[in-house]
Amino acid sequence: MQDTAEQINGWRGVVVFKDLFQKKRKYATLPSERHGRDMTADQADRPRREIPEGLMNKCGSCGAIQYSKELDKNLKVCPNCGYHMRLNAMERIRYLLDEDSFVEYDEDLVSEDPLGFPGYATKLEQQTLKSGLREAVVTGQGTISELPVIVAVMSFDFFTGSMGSVVGEKITRAIEAATESRLPLIIFSTSGGARMQESILSLMQMAKTSAALARFNEQGGLYISVITDPTTGGVSASFAMLGDIIIAEPGAVFGFAGRIVIEQTIRQKLPDDFQTAEFNLQHGQLDLVVHRKEMKSVLAKLLELHTVKGGD
Amino acid sequence: MAGEMPFETPLVEMRKKIDELKQFGDEKGIDFSDEITRLEERYRELEEGIYSAISPSQKMHLARNHQRPTSLDFIQLIFTDFIELHGDRLFGDDLAIVGGIAKLNDTPVTVLGQQRGKDTKDNIARFFGSPHPEGFRKALRLMQQAEKFGRPIITFIDTKGAYPGITAEERGQSEAIARNLRDMASLRVPVICVVIGEGGSGGALALGVGNRVLMLENAIYSAISPNGAASILWKDASKADQAAEAMKITAQDLLEMEVIEEIVPEPKGGAHKDYEAAAESIKSSVVRHLNELSSKTADELREERYQKFRKIGKFGVAKK
């Protein structure tokens with residue numbers, strides 16, 4: 001792990017140096033050729049707006065710009081700095097499951113506004129437009145390297161992945177389906193916590209999903225929890241931390257109380273790596289930190305190791 | 001009277017007036033008894049009006065009243081022979097959660113609760129009733145001990161939430177809460193939970209997976225504190241009153257949503273006005289529910305508890 005990081009850093013060093021060198025040469029020669037002598041350097045430097053929307057993508061961590069297609073091939077991991085960009089649930093399913101193996105469950109469940117909370121109904125509509133999803137989790141069954149699994153995949157781009165009645169219900173149904181069919185269960189979590197627009201009903205989804213996992217657990221079912229960036233609050237303190245095996249993606253932030261809340265409470269600056277996957281691994285809260293490119297093969301290996309049972 | 005709330009000001013003022021009139025009459029030897037009777041009548045009407053229309057935000061302030069009885073107050077008043085047990089056997093003893101064995105009438109039970117401090121010093125030692133992971137782990141240890149010896153479990157819920165801090169996170173706050181939720185669901189003994197003050201978020205729920213969840217009349221219970229909701233929604237924590245009105249946090253709201261089984265009445269004006277009466281009220285409710293549960297088998301208790309939480313949630317089905 002460390003070796004790779006050093007290699008990348010070293011390689012980056014070279015690129016940066018080369019870039020600087022080239023930039024200097026361009027600065028001296030290109031403006032006059034392109035735009036004539038009356039152009040100021042400032043105007044010449046400004047990029048021309050001819051890049052179609054969505055063609056390029058900027059890394060949220062290092063700022064490197066890539067072709068979206070290339071980035072997609074790289075599973076939305078920045079080739080420059082290794083930053084794991086947040087995925088929509090459908091993207092993750094495409095990256096993870098065998099092609100055309102996914103069958104979605106309960107796709108028609110939608111949130112209502114049980115408390116009549118100001119602005120909730122409108123906000124729900126906006127989330128669907130933004131994410132293309134009906135709710136913050138997609139559940140169903142499929143195969144990973146031909147091994148059948150039941151999956152639940154959360155999506156941060158729908159209402160910050162918050163858990164309301166629908167998220168709790170879909171996850172509970174997925175757990176119950178795994179219990180009935182005796183298939184392994186994998187949940188990919190990402191969430192800002194309970195959905196406060198459904199207040200107490202959201203909170204109770206923590207108990208509901210955990211109780212369903214208690215039954216699955218007693219029956220001997222395999223549950224792998226994969227924590228992705230970010231996972232906090234009610235999701236972190238329920239099913240995300242109840243896996244037989246708990247995996248996180250590199251750099252994923254997870255914990256119960258968010259950084260801002262803690263900083264406001266203790267009035268102290270927190271270390272930069274606080275609550276990252278690596279920090280949590282060091283503190284014994286995780287089994288593994290797995291790079292997105294390795295995720296499918298690691299999951300397949302774990303599933304395979306649980307298909308043969310000793311004893312019976 | 002102690003611990004008056006702002007909405008009680010008209011009552012306090014009127015009581016003062018009546019007392020002044022009485023004193024004046026006594027001093028001057030004038031008979032005001034007719035006037036006083038009329039004023040007392042008027043006082044009772046006013047009292048009735050005020051206490052029957054306590055708003056959600058007023059309940060929030062009542063639930064947080066410093067004079068309100070805490071878990072230990074209720075434990076002392078409801079049970080006998082309480083022996084407090086300490087520690088999670090892993091790291092330490094978190095004083096934000098208290099627990100132990102006691103007798104309810106003649107039945108040995110395990111009793112637990114989040115514990116606010118009585119004064120500043122006590123509050124600092126108890127982290128203002130906000131538990132660390134070791135508190136939740138102590139609670140689970142005592143609950144599993146109760147299960148081993150076939151003792152029913154009674155929990156008191158009273159916390160703003162789990163402690164938000166570095167060490168709590170390092171020691172697995174999320175894991176501790178999650179494990180309690182899962183393992184409480186599996187317990188083979190009756191579990192009765194009573195929300196006595198503020199039920200704040202996951203830190204409250206970590207003692208809240210019971211066969212029966214009861215709530216004191218003026219207690220509140222929510223996914224996020226009204227202050228927290230206000231600071232997220234309107235970037236202004238001082239709008240907590242406004243958030244409290246929108247969030248459906250009262251016992252009456254939760255009964256309607258079938259999250260709780262029963263509202264436990266409080267003495268007029270709140271539990272802090274009469275500790276004994278409030279304790280008696282809780283005791284009679286708990287005893288009644290425990291009697292109902294005592295005839296059930298372990299499997300029935302587990303199934304009933306599962307179904308209770310399984311059915312919570314409201315959603316729709318989209319038209320194609």
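Values reported hereafter were calculated over all heavy atoms of this structure, with side chains retained and with hydrogens, waters and symmetry mates removed. Order of the sequence lines sets the chain letters (A, B, ...), proteins ahead of strands, with each chain counted from 1. Here the structure is a predicted model, which means the values were calculated and not measured.
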(message) Rounded to the nearest 0.5 Å, what separates atom OG in S201(B) from atom CD1 in I200(A)?
(response) 9.5 Å

(message) Between A194(A) and chain B, with a heavy-atom cut-off of 4.5 Å, which part of the residue counts as in contact: side chain, backbone, both or neither?
(response) side chain

(message) Just verifying a value: how many Å separate S238(A) OG and L205(B) CG, rounded to the nearest 0.5 Å?
(response) 9.0 Å

(request) Under 4.5 Å heavy-atom distance to chain A, tell me which part of R305(B) shows up: side chain, backbone, both or neither. (result) neither

(request) Output the option from M241(A), Q282(A), Q264(A) having the highest count of non-hydrogen pairs under 4.5 Å with chain B. (result) M241(A)

(request) Determine, for E169(A) against R310(B), whether the closest basic-nitrogen to carboxylate-oxygen distance falls under 4.0 angstrom. (result) yes

(request) Would you give the length of the straight line joining atom CE of M204(A) to atom CG of L254(B), rounded to the nearest 0.5 angstrom? (result) 6.5 Å

(request) Give, as side chain, backbone, both or neither, the part of Y306(B) having an atom under 4.5 angstrom from any heavy atom of chain A. (result) side chain

(request) To the nearest 0.5 Å, tell me how far L233(B) CG sits from M196(A) CE. (result) 3.5 Å

(request) Report yes or no: does S165(A) contribute a side-chain atom to a donor-acceptor pair with the main-chain N or O of G313(B) at less than 3.5 Å? (result) no

(request) Would you mind checking which part of D113(A) comes under 4.5 Å of any heavy atom in chain B, side chain (CB onward), backbone (N, CA, C, O), both or neither? (result) neither

(message) Please classify the contact of L242(A) with chain B as side chain, backbone, both or neither, using a heavy-atom distance under 4.5 Å.
(response) both

(message) Given heavy-atom pairs under 4.5 angstrom as the criterion, report whether the side chain, backbone, both or neither of A240(A) touches chain B.
(response) neither

(request) Calculate, to the nearest 0.5 Å, the distance between atoms OG and CD belonging to S236(A) and Q173(B) respectively. (result) 9.5 Å

(request) Start with the C-alpha distance between K248(B) and S199(A), add both sets of side-chain angles, then the distance that settles side chain to side chain contact (heavy atoms under 4.5 Å, CB included), and finish with yes or no. (result) CA-CA 7 Å; K248(B) 304 266 191 285; S199(A) 191; 5.8 Å; no

(message) Once rounded to the nearest 0.5 Å, what's the spacing between atom CG of L286(A) and atom CD of E175(B)?
(response) 11.5 Å

(message) Counting only non-hydrogen atoms closer than 4.5 Å, does E176(A) touch chain B with its backbone (N, CA, C, O), its side chain (CB onward), both, or neither?
(response) side chain

(request) Against chain B, label R215(A) side chain, backbone, both or neither, depending on which of its atoms sit under 4.5 Å from a heavy atom there. (result) side chain

(request) Let me know if V317(B) has heavy atoms under 4.5 Å from chain A in its side chain, its backbone, both or neither. (result) both

(request) Answer with side chain, backbone, both or neither: which region of F239(A) has an atom nearer than 4.5 Å to a non-hydrogen atom of chain B? (result) neither

(request) Please look at E135(A) and chain B and tell me whether the side chain, the backbone, both or neither of the residue comes under 4.5 angstrom of a heavy atom of that chain. (result) neither

(message) Between R182(B) and E218(A), does any side-chain N to carboxylate O distance fall below 4.0 Å?
(response) no

(message) Counting heavy-atom pairs under 4.5 Å with chain A, which one of A162(B), G165(B), P164(B), A185(B) comes out on top?
(response) P164(B)

(message) Using modelled atom types and a 3.5 Å cut-off, is there a donor and acceptor pairing between side-chain atoms of Q205(A) and backbone atoms of I312(B)?
(response) yes

(request) Indicate whether any N or O donor in one side chain lies under 3.5 Å from an N or O acceptor in the other, for E169(B) and Q275(A). (result) yes

(request) Examine whether an atom of I166(B) lies under 4.5 Å from a heavy atom of chain A, and if so say whether it belongs to the side chain, the backbone or both; otherwise answer neither. (result) both

(request) Flag the one option from G193(A), G234(A), G116(A), A207(A) with the top tally of heavy-atom pairs under 4.5 Å to chain B. (result) A207(A)

